[in-house]
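All remarks here apply to the structure that follows.
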Amino acid sequence: MHRGSCLCGAVTFELHGEPSMVSHCHCSMCRKGHGAAFATYLSIEKAKVRFLSGEDQLTSYNSSSSILRKFCRTCGSNVEWSGHPDYPDWVSIPLALLDTPLVPEAIEQFYAEARVPWCAFT
Ligand SMILES: [Zn+2]
Ligand SMILES: [Zn+2]
């Protein structure tokens, strides 16, 4: 089982199951939301995510009509986004929140055409 937490520790959660996908998202919304060249997410069914603490500390922002991004109101850590029209029962969580080791076998690239020129990939 994997466990994760936000920067301040108020939000903690467990994953009851393995993520089905890990991806780098290079879109401008993830870039700005994370303040980073790209964001790396694990994707998992919502039903497999259990918050142990701090779910009431989450605040949210609709970055588009369907996509809802949630983050810790104290420390600002991105905690999840959901609302993909094709995957309404799924949630994406930043891989970097995990406190347990998870090394994905493969990482998908989304919006690779939007990637910043100052971060090289091999
Ligand atoms: Zn926090
Ligand atoms: Zn994105």
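This one's a predicted model, so the numbers in the text were calculated from it and none came from an experiment. Indexing begins at 1, ligand by ligand and atom by atom, following the structure's order.
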### Pairwise side-chain contact, Glu108 with Met21, heavy-atom cut-off 4.5 Å (strictly under)
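Glu108 vs Met21: side chains touch.
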### Task
If the plane angle is over 60° it's perpendicular, under 30° parallel, otherwise tilted; pick one for Tyr87 and Trp90.
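Tyr87 vs Trp90 ring planes: perpendicular.
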### Centroid separation Phe71 to His34 less than 6.0 Å
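Phe71 vs His34: aromatic centres not under 6.0 Å.
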### Sidechain N-carboxylate O distance under 4.0 Å for Glu80, Lys70
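Result for this pair is yes, salt bridge flagged.
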### Task
Would you give the angle at the Zn ion (ligand 1) between Cys8 atom SG and Cys6 atom SG, to the nearest 10°?
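With the Zn ion (ligand 1) as the vertex, SG (Cys8) and SG (Cys6) sit 100° apart.
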### Query
Hey, what's the angle at the Zn ion (ligand 1) spanning SG (Cys72) and SG (Cys75), nearest 10 degrees?
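An angle of 110° at the metal.
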### Message
I need the SG(Cys27)-the Zn ion (ligand 2)-SG(Cys30) angle, rounded to 10 degrees.
### Response
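The SG/SG angle about the Zn ion (ligand 2) sits at 110°.
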